[in-house]
Amino acid sequence: MEKHETNYDGSQIQVLEGLEAVRKRPGMYIGSTSSMGLHHLVYEIVDNAIDEALAGFCDHIEITIEADNSITVLDNGRGIPVDIQPQTGLPAVEVVFTVLHAGGKFGGGGYKVSGGLHGVGASVVNALSEELEVSVYRDGAEYYQSYTRGNTLQALKQVGPTTLRGTRVHFKPDPEIFDELVYDYDVLLRRMREQAFLNGGVKITLEDKREEARKETLYYEGGIRSFVEYLNKNKTPLHSEIIYIEANEEVRAAQIALQYTDSYTETVVSFANDIKTTEGGMHETGFRAGLTKVINDYARKNKLLKDADANLSGEDVREGITAIISVKLQEAQFEGQTKTKLGNSEMRTLVEGLINNKLATFFEENPTVARTIVEKALLSSRAREAARKARDNARRKTGLDSLSLPGKLADCSSKDTTFTEMYIVEGDSAGGSAKQGRDRNFQAILALWGKMLNVEKSRVDKVIGNDKLTPVIAAIGAGIGDDFDIEKVRYGKIIIMADADVDGSHIRTLLLTFFFRFMRPLIDHGRVYLAQPPLYKVFKGKKEKYAYNDNELALALQEIGEDAKVQRYKGLGEMNKEQLWETTMNPETRTLLRVTLEDAIAADEIFTILMGDKVEPRRDYIIEHATSVKNLDI
């Protein structure tokens, strides 16, 4: 991106309000004080460096996890201004780090486009850090200032001459604020890799100086084309060339890269000003509308669709697609504090127009690729029609709707989804214990048996016709795929309860793959849980304790004393109804793990590797992670 020559000095730093609220309510500014919020601090400082890259002034960003879990971010941009900011009479850099909503992102001309959490980044990181130091390398001089919990420790001082240019920020998150203080290298690596893809030509170095020293340099000249190639590395592309189109206007721009594979799922990832828009927004709406129109128009024009045929649906034309949509704009309107949905309607017009013009041109110039894509969509359409017929037949035969629930479902009496929960239990014996031990008022039990379908290798018609999954679809009652409606889900919690062994893990993985691919909003809304049955019962006389892992077993043995006996549960069926209720189903005493999706790209990659057709990536994954396996049941 070309340099936008505006004077970046103190006059462009605008001040809106003070910092007091951040420490009182940190969740409002960084989402949470858990591991997610901890990593968000790094993203905020890196976003400032990316803003310099977007403006054309920075091409190398270095992030270091120091030995003490503090963070250093160094960029070679222009350096934060150090001259006096007119509104406050303070050096601009001090204002940026100590005043909320101060920055060059609010129309002062500092940046044409920018990311950052509504431009609050640097001051929020400072407020939530036990200590923070900033060094600015600007106009041949080095400047330094330090802070603690948002307060300035000393005036900005000029340290001496330097040949460097840019900004170095070092901060240590505050233990008074955060529940978790240990950084996860892989979480940071995924985020930094995204940023390197989205800003082709910018080099990002991530280094870990803790015990497991690691370092990775991320640099992708191909930008988002390289991103698509990376996402498809474990899939089989249907055409070798990655399709790339772009549109540039004075105050907005859009880039799209896409490639189809032989998979049955879609991977569409969108960004606005380098912020991942996980809930989509206007740019995605434009993309979907344009893609559906262009493929249908091409199919009609070239007689691949007959006059009597219905149009291909959006779901059909996106089967097997991997696409990256990246838009840049001024005054981005993000819905919600966490920026997950883009609200600017003009971006729909821009992206839809881009697809309608340039993708249509690509198809005309590359008829072989276009026909391959249309034929894939036609196969999907036929499968969907077969699925509709299968669904209608299933409704007639087994009642795939709320009027006729599956025979294996023992329903609850309450219909209030604030409290209701459905346990999906593997095996008839465990299902029997669960039915007898549950609270019938709010707990439903669906017993499954036999091997479940691996949906990663199946189209929707096979899923709907599968006798193991039909009861799950019917019991949840909200449809599947594009027809899934989260408002119609019949239970507040969907809880997978399987044995704590290899077979149980396989069943959990198959069900999670199904929910991820065909009922994704269930996971997005935090409605899917994993039950945690105990591994051991330790008892002596009338004393007994349950242990959920080896550490708890050691503590229980210590507590109950000598001659204590240990029972190792191999399956849920070994527990009677009272034990199952007490350990795994009673809301007062049980442990549930909520299934969350912090990174859809990483989840997509893992499901593709573990459940897909290619053996080589799965073998590599197993070899790489073999040393970190904690519970292996042989």
Side-chain angles (χ1 to χ4, degrees), residues 1 28-31 36 40 43-44 46-48 50-51 53-55 101 103 105-107 111-121 191 194-195 197-199 223-224 227-228 231 244-258 266-293 314 318 321-359 482 486 520-521 524-525 597-601 604:
M1 188 175 280
M28 278 183 63
Y29 299 91
I30 56 165
M36 188 177 80
H40 202 102
Y43 309 157
E44 286 295 349
V46 171
D47 280 348
N48 291 339
I50 292 289
D51 286 338
L54 286 174
H101 289 309
K105 309 180 183 186
F106 286 94
Y111 295 110
K112 254 200 160 184
V113 297
S114 93
L117 191 71
H118 300 329
V120 303
R191 171 76 174 212
E194 274 177 15
Q195 296 297 331
F197 281 132
L198 292 165
N199 297 281
I224 62 169
F227 203 163
V228 170
L231 293 178
Y244 174 81
I245 51 178
E246 64 179 12
N248 291 289
E249 295 181 358
E250 176 58 27
V251 292
R252 63 185 74 92
Q255 297 175 296
I256 297 168
L258 64 94
E266 67 171 278
T267 304
V268 175
V269 189
S270 64
F271 299 84
N273 293 355
D274 288 353
I275 307 284
K276 190 193 289 181
T277 40
T278 50
E279 288 183 75
M282 287 297 175
H283 50 338
E284 270 197 37
T285 304
F287 172 77
R288 291 168 194 274
L291 186 71
T292 306
K293 181 180 186 302
R318 295 192 306 273
I321 196 173
T322 299
I324 300 293
I325 305 159
S326 176
V327 299
K328 305 277 169 71
L329 67 159
Q330 279 188 330
E331 305 296 333
Q333 296 159 17
F334 291 102
E335 295 176 6
Q337 183 74 25
T338 52
K339 284 193 171 180
T340 56
K341 192 171 188 179
L342 183 68
N344 300 66
S345 57
E346 69 272 19
M347 297 316 290
R348 173 180 179 158
T349 310
L350 179 68
V351 173
E352 194 168 349
L354 170 59
I355 293 279
N356 286 338
N357 295 328
K358 295 195 178 174
L359 186 62
D482 274 7
I486 192 75
R520 171 79 172 272
D524 290 340
H525 286 76
L597 190 61
E598 287 181 17
D599 192 324
I601 294 173
D604 180 82

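No experiment lies behind these values; they were computed from the predicted model shown. Side chains included, hydrogens not; waters and symmetry mates left out as well; all remaining heavy atoms used. Start at 1 with the first residue, then count along the sequence.
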* Mind listing the closest non-hydrogen atom pair of Q333 and N344 along with its distance? => N-OD1, 2.6 Å
* To do: Could you grab the distance from atom NE2 of H283 to atom CZ of R288, nearest 0.5 Å is fine?
  => 10.5 Å
* Asked: Pick from K328, E346, Q330: which one makes a side-chain contact (heavy atoms from CB on, under 4.5 Å) with R252?
  -> E346
* To do: Would you give the length of the straight line joining atom CD1 of I355 to atom NZ of K293, rounded to the nearest 0.5 angstrom?
  => 12.0 Å
* Asked: Any sub-3.5 Å donor-acceptor pair from E246's side-chain atoms to A253's backbone N or O?
  -> no
* If you look at every heavy atom in F287 and V351, which pair is closest and at what distance? -> N-CG1, 3.6 Å
* Atom pair CZ (F334) and CG (L342), whose distance is rounded to the nearest 0.5 Å -> 5.5 Å
* Could you tell me the separation between the CG atom of D524 and the CD1 atom of I486, rounded to the nearest 0.5 Å? => 8.5 Å
* Does any N or O in the side chain of T277 come within less than 3.5 Å of the main-chain N or O of S270, such that one atom is a donor and the other an acceptor? -> yes
* Do you know which two heavy atoms are closest between A289 and R348, and how far apart they sit? -> CB-NH2, 3.9 Å
* Rounded to the nearest 0.5 Å, what separation is found between the CG atom of L291 and the CD1 atom of I256? -> 9.0 Å
* Asked: How far apart are the closest heavy atoms of L350 and A254, and which atoms are they?
  -> CD2-CB, 3.9 Å
* Atom CD1 of I324 and atom CD of E194: how far apart are they, to the nearest 0.5 Å? -> 8.0 Å
* Stepwise, does the side chain to side chain contact (heavy atoms under 4.5 Å, CB included) test hold for V228 with L258? -> CA-CA 7 Å; V228 170; L258 64 94; 5.7 Å; no
* May I ask you to test the F197-L231 pair for a side-chain heavy-atom distance under 4.5 Å? => no
* Structure fact -> Scanning both residues in full, the closest heavy-atom pair of S326 with I224 reads CB-CG2, 4.5 Å
* Asked: Between D47 and R191, does at least one N-O distance fall below 4.0 Å, as a salt bridge requires?
  -> yes
* Residues V251, L329; criterion side chain to side chain contact (heavy atoms under 4.5 Å, CB included); working and verdict -> CA-CA 6 Å; V251 292; L329 67 159; over 6 Å; no
